[in-house]
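Note on naming: letters A, B, ... go to the chains in the order of the sequence lines (proteins, then strands), and numbering restarts at 1 for each one.
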There are 2 protein chains.
Amino acid sequence: MIEAALRILDDQGLPNLSMRQLAESLGVRPGALYWYFDSKQALLADVSRRILAPMYSATVEGDSLHERALRTGVQLRDCLLAYRDGAELVSSSLALGLVVSPVHTKLGIDQQKPEDQHPLVLTAAEAVTHFVVGFTFHEQQRTQAEALGVTGAADDITPQAVANSSPAQGGEFRSVLELICHGLQTLEPSP
Amino acid sequence: MIEAALRILDDQGLPNLSMRQLAESLGVRPGALYWYFDSKQALLADVSRRILAPMYSATVEGDSLHERALRTGVQLRDCLLAYRDGAELVSSSLALGLVVSPVHTKLGIDQQKPEDQHPLVLTAAEAVTHFVVGFTFHEQQRTQAEALGVTGAADDITPQAVANSSPAQGGEFRSVLELICHGLQTLEPSP
DNA sequence: ACCTGAACACCGTTCAAGT
DNA sequence: ACCTGAACACCGTTCAAGT
């Protein structure tokens, strides 16, 4: 079900991921989907969580906060780039409050000692989350626009060409993320 | 035209700002709008620019880069909060590349000496833009959800109640923005 | 130059009724 | 428990034809 939705997302993009398309790809009528999901947004939230799933299985190394934040941000971007329109989809699910940012859990709750951490840590997670999602959203849109510009036709872009995109942008992304995370050093407890 | 669109946006929210609704409010048939705009996205881009317009008339004081960045970020949030769903609308226009971030122009082009500034300044503008838009998007959504929760009914929320919202969130917003802008001090030329 | 009429190809969601 | 049939109330966009 979620897998079928992910396939449509990757093949046809978010605007074409409709309840009717999904139903058809499952050999079922549109109304049937409402036995499993309350609404399309609920379905999209589940898809978002699946896209973010790799964040939870992978552990993040690094002893300083700003180092872990940096690695987490990079990980998040990788997840979003793995599917077409991944950033746009996750962006809206996050904004609607239907999905919690994996950056929050990784930087906050994952810690062994939840008491003695700086109160601004979660707040810093917000900064990283919003920047990464926003940047990747913009980046992914540009990449797809380019892909359309080159081929002319609108439908023969392979998911891979879009997903494995933009090693070019990687550098800029990293340097800004480092800039943000640099600010976190001031919150660091004495190591 | 744009004014009519802004009124629908503020009264009914982004999901109800359709070409058909807009046409009706202008006493015209939907097709007529396509004589003025190539597409709905182009119309929404113009609306976004109108929402961001106050950014261009107001000048930003402050001699250090990180101080100007901070003030610009606060200004941007104010613009987005001035209309219902303002952040969501501007977020997508920015991502689609149909609108340029006012933060970029304020921190970069506005300067008298465009040559001798750090190459990371524009890059820093990205960080501020993405954070502010993402944060405000999330914030605006929460505020509206609350408003719905309190009244129960879906339609009797005044635009003002939504627009003038969340002095509560203001503190958190500011501290994270300060965190980001703090990183900019490292780029500062010697004052 | 500006707009209508009318169509085309879609949407999300609900809900009685079937199995 | 799970799904269909069929409807309800919408969409964005195009384009001949009117004025």
Side-chain angles (χ1 to χ4, degrees), chain A residues 1-49 84-85 88-93 95-99 141 144-145 148 152-155, chain B residues 1-49 84-85 88-93 95-99 141 144-145 148 152-155:
Chain A
M1 195 126 210
I2 305 293
E3 280 79 12
L6 276 173
R7 207 159 35 239
I8 294 178
L9 180 68
D10 224 5
D11 290 351
Q12 340 248 50
L14 186 57
N16 295 307
L17 174 46
S18 63
M19 296 302 260
R20 296 177 114 97
Q21 276 286 321
L22 178 57
E24 194 184 5
S25 90
L26 292 169
V28 106
R29 292 299 142 98
L33 297 176
Y34 288 84
W35 197 90
Y36 298 97
F37 298 98
D38 282 351
S39 66
K40 188 188 181 181
Q41 276 304 338
L43 183 253
L44 293 182
D46 275 5
V47 176
S48 295
R49 275 184 282 265
R84 212 223 274 210
D85 292 335
E88 181 175 8
L89 172 54
V90 169
S91 165
S92 91
S93 292
L96 293 174
L98 302 174
V99 162
Q141 215 75 42
Q144 283 168 204
L148 285 184
D155 282 288
Chain B
M1 195 126 213
I2 304 293
E3 280 78 12
L6 276 173
R7 206 157 38 238
I8 295 179
L9 180 68
D10 224 5
D11 289 351
Q12 341 247 49
L14 186 57
N16 296 307
L17 174 45
S18 63
M19 297 301 262
R20 295 176 115 99
Q21 277 287 322
L22 178 57
E24 194 184 4
S25 90
L26 292 168
V28 106
R29 293 298 142 98
L33 297 176
Y34 288 84
W35 197 89
Y36 298 96
F37 298 97
D38 282 350
S39 66
K40 187 188 182 183
Q41 275 305 337
L43 183 255
L44 292 183
D46 275 6
V47 176
S48 296
R49 276 184 282 265
R84 211 222 278 209
D85 293 334
E88 180 174 7
L89 171 54
V90 170
S91 166
S92 91
S93 291
L96 293 174
L98 301 175
V99 162
Q141 213 76 42
Q144 284 169 205
L148 285 183
D155 282 288

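A straight line from CD of E24(A) to P of dA9(C) spans 15 Å, rounded to a whole angstrom. K40(A) has its NZ atom 15 Å from the P atom of dC11(D), to the nearest Å. Spacing between atom CG of N16(B) and atom P of dG12(D) amounts to 11 Å, rounded to whole angstrom units. Residue L22(A) contributes atom CG, which lies 16 Å from atom C1' of dC10(C) at whole-angstrom precision. To the nearest angstrom, C1' of dT14(D) lies 18 Å from CZ of F37(B). Here dG12(D) presents its P atom at 10 Å from CG of L33(B), a figure rounded to the nearest Å. Between the C1' atom of dC11(C) and the CG atom of L44(A) lies a distance of 14 Å, rounded to the nearest Å.
Note on R29(B): only backbone sugar-phosphate atoms sit closer than 4.0 angstrom, heavy atoms only; bases stay farther off. Among the protein residues, Q21(B) comes within range of the sugar-phosphate backbone only, with heavy atoms under 4.0 Å from sugar or phosphate atoms but none that close to a base.
Two residues are said to be in side-chain contact when any heavy atoms from C-beta on lie closer than 4.5 Å; L22(A) and L43(A) meet this criterion. Contact of the M1(A) side chain with the L33(A) side chain is registered, since non-hydrogen atoms from C-beta on lie closer than 4.5 Å.
Along DNA chain D, the nucleotide nearest to R20(A) and the one nearest to P30(A) differ in position, and the one closer to the 5' end is contacted by P30(A). Residue W35(B) is the one, among A32(A) and W35(B), whose nearest nucleotide of DNA chain C lies closer to the 5' end (criterion: closest heavy atom).
To the nearest 0.5 Å, the span separating CG on D46(A) from CD1 on I2(A) amounts to 4.5 Å. If you take CG on L26(B) and CD on E3(B), they are separated by 10.5 Å, rounding to the nearest 0.5 Å. Annotation: the span from L96(B) atom CG to S48(B) atom OG amounts to 9.5 Å, rounded to 0.5 Å.
Between Y36(A) and dA1(D) there is no side-chain N or O to OP1 or OP2 distance below 4.0 Å. In this structure, Y34(A) reaches the dT13(C) phosphate: one of its side-chain N or O atoms is under 4.0 Å from OP1 or OP2.
Shown here, dA7(D) forms a base pair with dT13(C); the pair counts as Watson-Crick or G-U wobble because both key distances fall under 3.5 Å.
Checking dG12(C), dC3(D), dC3(C) against the side-chain heavy atoms of M19(A) singles out dG12(C) as nearest.
With P as the reference atom, dA9(C) and dC10(D) are 23 Å apart, rounded to whole Å.
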